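Quick notes on the structure that follows.
Just so it is clear: chains get the letters A, B, ... in the order the sequence lines come, proteins before strands, and each one is counted from 1. These numbers were taken from a predicted model, which means no experiment stands behind them.
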2 protein chains.
Amino acid sequence: MVRKGERLTGETAKVYALRLLSESIINMELKPGALISENELSRTLGVSRTPIREAIHELQKSRLIEVFPQRGSYVAPISFEAVEEAAFLRRTVETAIVEELCDKITKKQLGELYENIALQEYYLGNEMSDKVMEIDNEFHKMLYTMCGKKRTYDLVRTAMGQFDRLRALSLYSIRDLKIVSDHKAITDAIAAGDKETAGALMTKHLMRYKLDKEEVMKSHPDYFK
Amino acid sequence: MVRKGERLTGETAKVYALRLLSESIINMELKPGALISENELSRTLGVSRTPIREAIHELQKSRLIEVFPQRGSYVAPISFEAVEEAAFLRRTVETAIVEELCDKITKKQLGELYENIALQEYYLGNEMSDKVMEIDNEFHKMLYTMCGKKRTYDLVRTAMGQFDRLRALSLYSIRDLKIVSDHKAITDAIAAGDKETAGALMTKHLMRYKLDKEEVMKSHPDYFK
DNA sequence: ACTTGTCTACTTGTATACAAGTATATTACC
DNA sequence: GGTAATATACTTGTATACAAGTAGACAAGT
């Protein structure tokens with residue numbers, strides 16, 4: 001059902017359960033429609049039902065799990081509307097953030113962004129695809145924190161699982177290439193203080209999920225609701 | 001600690017606890033810094049600790065409660081940054097929403113908005129302040145749903161408790177007057193399909209919290225962190 | 001006066017038993 | 001064969017006992 005990972009030191013049972021369950025759903029080991037049995041998870045992970053339940057309820061808020069009282073909890077199908085709304089939220093917020101950064105970013109912060117991009121190019125060149133996804137998320141997180149909006153990131157983050165699942169399913173191979181060049185162009189625009197360009201580039205950047213979505217809708221229509 | 005309200009029919013223990021606890025914090029019956037004792041709440045509300053804990057964890061995500069393991073859970077102080085971030089999120093999203101509505105709103109939906117405003121004016125004229133707050137929230141919710149963004153509303157909603165607390169503390173009396181006239185102007189702009197005006201009006205409208213914030217920071221500086 | 005250890009009374013985190021509802025298979029009956 | 005009642009084996013929701021950690025009171029010793 002879900003692989004039994006290693007419990008990190010100092011990690012509470014709830015965080016442990018959330019981490020493994022979340023990973024399993026996002027990388028599609030647990031497919032839409034799969035039953036999430038509290039008892040089975042409890043046995044597999046070696047913790048009681050209480051922390052399992054807490055993890056399930058968090059993922060329910062991210063709309064990755066659907067809970068039906070007295071019937072069961074299931075991995076949520078990929079919802080067309082949920083993906084579109086998550087995309088809208090993220091695009092709207094992050095476009096505003098880069099515009100704000102055009103005014104207030106520091107030289108030091110700009111340097112950190114370019115460092116991150118250099119790493120992106122390295123992973124890209126060595127075809128380390130999961131590393132690219134990881135550092136892509138890190139790049140966007142940096143924009144929030146540099147803008148003093150860490151709480152906003154945490155909130156928007158809960159909706160991003162929708163994208164991550166699409167990406168895990170998609171084979172669209174030039175995506176990573178585009179992502180990295182997008183990041184570079186956006187950072188250049190921020191460095192130039194060009195709000196209009198930075199905002200427009202971010203909006204365009206965060207519309208790229210549509211290609212993944214269309215591809216996955218054709219290759220795995222059964223995963224959608 | 002918290003008043004023992006009536007448990008609605010069909011309401012689960014968790015929802016019941018969340019409702020009462022949430023109300024008590026937002027209307028400032030439970031003041032920042034107050035201890036939220038799971039055991040005491042359990043006794044007061046007549047439900048076990050499990051649903052109480054689930055409610056507490058939800059409010060923790062809304063940043064209305066801070067949980068310190070093995071030490072206690074407390075009503076969160078009003079955080080300057082948390083308020084500003086919640087305001088940014090809401091303003092950004094709802095400005096985009098009214099712009100989108102300029103293109104796609106229907107005549108029927110416009111009618112519903114004006115009906116709501118008529119009710120706002122009625123409550124305003126009869127000085128039913130809590131009713132104004134209730135229907136104000138309803139107006140904004142309608143904008144999300146008309147735009148097909150109910151999920152987005154649910155997510156943004158979790159951050160709005162920050163405002164509600166400020167409003168409960170503020171005595172700023174012309175606020176409600178301004179709110180209603182803002183709503184009317186925004187709706188008029190949407191009806192005219194004027195994106196620029198609608199967006200600008202919404203942005204201005206959602207900056208009004210600043211007056212409440214400044215007033216409360218002076219009258220109750222001890223509630224802030 | 002001041003430290004230091006200990007005891008007590010809390011706190012949240014976790015495990016587990018039980019309650020209540022649902023879907024399915026099985027059995028009894030026509 | 002077909003149908004309805006009934007076990008039965010699940011599910012999540014809730015209650016409760018216990019584990020582990022923290023803070024403060026308080027007394028003993030220096």
Q | Under the ring pair (Phe, Tyr, Trp, His ring centres under 6.0 Å) test, residues paired with B/His57 that sit two or more places apart | A | none
Q | Residues in contact with DNA chain C, drawn from residues 39-57 of chain A - heavy-atom cutoff 4.0 Å | A | A/Val47, A/Ser48, A/Arg49, A/Thr50, A/Pro51
Provide a list of protein-nucleic acid N or O atom pairs under 3.5 angstrom, restricted to nucleotides 22-24 of chain D.
unit_1, atom_1, unit_2, atom_2, d
D/dT22, O4', B/Gln70, O, 3.4

Q. With a 4.0 Å cut-off, would you call B/Glu84 and B/Lys210 a salt bridge?
A. yes
**Q.** Start and end of chain A contact along DNA chain C [non-hydrogen atoms, under 4.0 Å]
**A.** C/dT14 to C/dA23
Q.
Out of the candidates A/Arg167, A/Arg175, A/Lys218, A/Arg165, only one should pair with A/Asp212 under the salt bridge (charged side-chain N to carboxylate O under 4.0 Å, His left out) rule; please name it.
A. A/Arg175
**Q.** Pairing residues for B/Tyr223 by the ring pair (Phe, Tyr, Trp, His ring centres under 6.0 Å) criterion, not counting sequence neighbours
**A.** B/His220
Q: Give the minimum heavy-atom separation between A/Val93 and B/Thr92, together with the two atoms involved.
A: CA-CG2, 4.2 Å
Q. Quick one: ring pair (Phe, Tyr, Trp, His ring centres under 6.0 Å) partners of B/Phe139, sequence neighbours excluded?
A. B/His183
(Q) Using a strict threshold of under 4.0 Å (side-chain N to carboxylate O), is an ion pair present between B/Lys108 and B/Glu112? (A) yes
Q. Do any N or O atoms from the side chain of B/Glu215 and from the backbone of B/Tyr172 form a donor-acceptor pair under 3.5 angstrom?
A. yes
(Q) Run A/Glu94 and A/Arg90 through salt bridge (Lys or Arg N to Asp or Glu O under 4.0 Å) and show every step you take. (A) CA-CA 6 Å; A/Glu94 296 196 21; A/Arg90 187 177 181 186; 3.0 Å; yes
Q) Is the shortest distance from a Lys or Arg side-chain nitrogen in B/Glu81 or A/Lys150 to a carboxylate oxygen in the other one below 4.0 Å? A) no
